[in-house]
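Right, one structure below, let's go through it.
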Amino acid sequence: MTANLLDYDLEGLAAFCEQLGEKRFRATQLFRWIHQKGATNFDQMTDLAKSLREKLPSRACIEGPKVVSRHDSLDGTVKWLFDVGAGDVIETVFIPESDRGTLCISSQAGCAVGCRFCSTGHQGFSRNLTTAEILGQLWFAEHTLRREFGRQERVISNVVMMGMGEPLQNYSQLLPALRVMLDDHGYGLSRRRVTVSTSGVVPMIDRLAQDCPVALAVSLHAPEDGLRSNLVPLNKKYPIAELLQACARYQLAAPRDFITFEYCMLEGVNDQPEQARQLVKLLQEHAALGLSAKVNLIPFNPFPASGLKRSDMAQVMAFSKILLDAGIVTTVRKTRGDDIDAACGQLAGDVQDRTGVQQRMASQRQGMLGGIKVVVAKEVGV
Ligand code: SAH
Ligand code: SF4
């Protein structure tokens, strides 16, 4: 069987080289060719031992995700849709800013958590992405953009796991991908520039603290359990107090400036001044346990099936002021890439369901980084 080398972190690649009867240290050269130079072809790897170069083509490949479409925004935001087989499509978004380039990556096709305000949640779970499919999004975007910008040095300085899926429900495939992002022979990103966003898979937050303590963002969305369980069903399993205690442990194990709490502003649901005060109280109580929190208010990107509405800006600002007055660092997400439906837009496509019935489905994925609403059109069972 041919191994896709995008599936391995450096340790894994060393083990693979050993299986081929090659010295482990050869893996470093190979790894650098793949991730630092974006090589797709073993012939390019001129300084690689000849014996290894000869073995590789029959045993291995370097295969990124297949592009379905690309959309370029006037503000520079780029969104790709990738076909990962069996009708599943995932999305990746590049967001350029003056001081950074951020890539928003998907971890699953669909999502099993089923949050009410998230169209991926409404769509249901299809499958976990492999390490190669997670990392392939970065590999592809970095080297495509470098070529286009005519740059030798890196274009993507930050990665956020805020695309489709719950990254901590795909931990075993996520971890090697994170390791390659941080590896100096890979993308060399600092731990603070790689963010895992989670709806709160408590045991995996603890694992991540031990294995690879990158920056953590937690999708909170409500200041009390009743409402949070309604919005984020996983809360029934891991309620707020347990989640915030895990966050405090995370910070003890891996001191960060802040853990970011994401809070999607839903009109009349979680956006009332009283709820802002509850949130202040909650975060202050946990500060005593070592938690330092930052809040990111996200204007909701509506989609019809949700039955929910976006809070108006005055409501968002009033909510934000209560947090700020209490000394909590609070930001409101801005919108990018509107013109390509990567920001607060949506993509509606003709897709088929598993029974093959043609349906008009607004299959949207919304509300990612920077107010970017990224969208996934999913063709199921075609
Ligand atoms: N599953 C992970 C990461 C992907 S979702 C998580 O839930 O954290 C990334 C962010 O987008 C989360 O904060 C999520 O709450 C937010 N989001 C999802 N749907 C949204 C929508 N319709 N409008 C605004 N934000 C949304
Ligand atoms: Fe899954 Fe995150 Fe969407 Fe919730 S918000 S359904 S956890 S992708």
Side-chain angles (χ1 to χ4, degrees), residues 90-93 95 102 104-126 128-129 134 159-171 174 194-202 204-205 208 214-222 228-238 243 247 259-267 269-271 294-311 316 331-336 341-347 362-376 378:
I90 57 157
E91 73 208 357
T92 307
V93 179
I95 307 112
T102 303
C104 183
I105 292 183
S106 296
S107 57
Q108 298 179 315
C111 182
V113 177
C115 300
R116 263 183 63 196
F117 51 85
C118 173
S119 63
T120 302
H122 280 246
Q123 184 183 308
F125 177 68
S126 188
N128 280 327
L129 298 185
I134 297 170
V159 167
V160 293
M161 298 301 308
M162 291 187 185
M164 202 176 187
E166 169 48 59
L168 295 187
Q169 286 189 339
N170 185 16
Y171 190 76
L174 173 73
V194 175
T195 301
V196 168
S197 176
T198 180
S199 55
V201 191
V202 165
M204 293 299 142
I205 292 176
L208 191 66
V214 293
L216 190 66
V218 172
S219 296
L220 191 62
H221 308 305
R228 189 165 192 270
S229 295
N230 182 278
L231 295 174
V232 183
L234 190 67
N235 192 71
K236 291 177 207 137
K237 194 158 180 198
Y238 305 115
L243 175 57
C247 290
I259 286 182
T260 303
F261 289 93
E262 295 163 285
Y263 196 103
C264 182
M265 297 294 284
L266 305 165
E267 186 183 271
V269 174
N270 65 356
D271 66 349
K294 182 175 134 178
V295 174
N296 191 203
L297 301 176
I298 314 171
F300 170 59
N301 296 299
F303 59 102
S306 70
L308 298 162
K309 289 199 193 112
R310 177 191 291 196
S311 308
V316 175
T331 49
V332 177
R333 235 170 234 195
K334 59 180 189 294
T335 297
R336 296 284 303 264
D341 291 340
C344 309
Q346 55 236 186
L347 186 89
S363 179
Q364 315 145 338
R365 162 77 186 87
Q366 309 169 332
M368 295 162 58
L369 182 95
I372 291 213
K373 177 169 100 178
V374 183
V375 170
V376 168
K378 190 174 154 167

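Both ligands and their constituent atoms are indexed starting at 1 by order of listing.
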Minimum-distance pair of heavy atoms, taken over all atoms of V196 and P167: CG1-CG, 4.0 Å
Taken to the nearest 0.5 Å, the spacing of T195 OG1 from M161 CE works out to 10.5 Å
Select one of side chain, backbone, both or neither to describe which atoms of T198 lie under 4.0 Å from any atom of ligand 1, heavy atoms only. backbone
Distance filter under 4.0 Å to M161 heavy atoms, resulting ligand 1 atoms: 3 (C)
Among S197, S199, G165, closest by any non-hydrogen atom to atom 1 (N) of ligand 1: G165
Are Q108 and N170 close enough that a side-chain donor and a side-chain acceptor fall under 3.5 Å? no
Min heavy-atom dist G163 to ligand 1 below 4.0 Å: yes
Closer than 4.0 angstrom: is that true for some heavy atom of M164 and an atom of ligand 1? no
Short list, please: which atoms of ligand 2 are under 4.0 Å from a heavy atom of G121? 6 (S)
For the atom pair CZ (F261) and NZ (K294), what is the distance rounded to the nearest 0.5 Å? 12.0 Å
Any N/O/S of C115 under 2.8 Å from atom 4 (Fe) of ligand 2? yes
Could I get the full list of side-chain hydrogen bond (donor to acceptor under 3.5 Å, both in side chains) partners for S219, not counting sequence neighbours? E262
Option with minimal heavy-atom separation from atom 23 (N) of ligand 1, where the choices are N301, I298, L308: N301
Who's closest to atom 15 (O) of ligand 1 heavy-atom-wise, of H122, Q108, E166, H221? H221
Taking atom OG1 of T92 and atom CD1 of I105, what is their separation to the nearest 0.5 Å? 6.5 Å
Give the numbers and elements of all ligand 1 atoms closer than 4.0 Å to a heavy atom of C264. 23 (N), 24 (C), 25 (N)
Which of the numbered atoms in ligand 1 are below 4.0 angstrom from a heavy atom of S219? 6 (C), 7 (O), 8 (O), 12 (C), 13 (O), 15 (O)
Quick check on contacts: which atoms of ligand 2 are under 4.0 angstrom from a heavy atom of S199? 7 (S)
When you check the side-chain N and O atoms of E91 and S106, is any donor under 3.5 Å from an acceptor? no
Give me the atom names and distance for the closest heavy-atom approach of Q169 to V113. OE1-CG2, 3.7 Å
Assess, by modelled atom type and distance only, whether the side chains of T198 and E166 contain a donor and an acceptor separated by less than 3.5 Å. yes
Within ligand 1, which atoms have a heavy atom of C118 less than 4.0 Å away? 18 (C), 19 (N)
With a cutoff of 4.0 Å, is G165 in contact with ligand 2, counting heavy atoms of the residue only? yes
Listed partners of Y263 passing ring pair (Phe, Tyr, Trp, His ring centres under 6.0 Å), at least two apart: F319
Find all atoms of ligand 2 within a distance of less than 4.0 Å from any non-hydrogen atom belonging to G114, and give their numbers and elements. 6 (S)
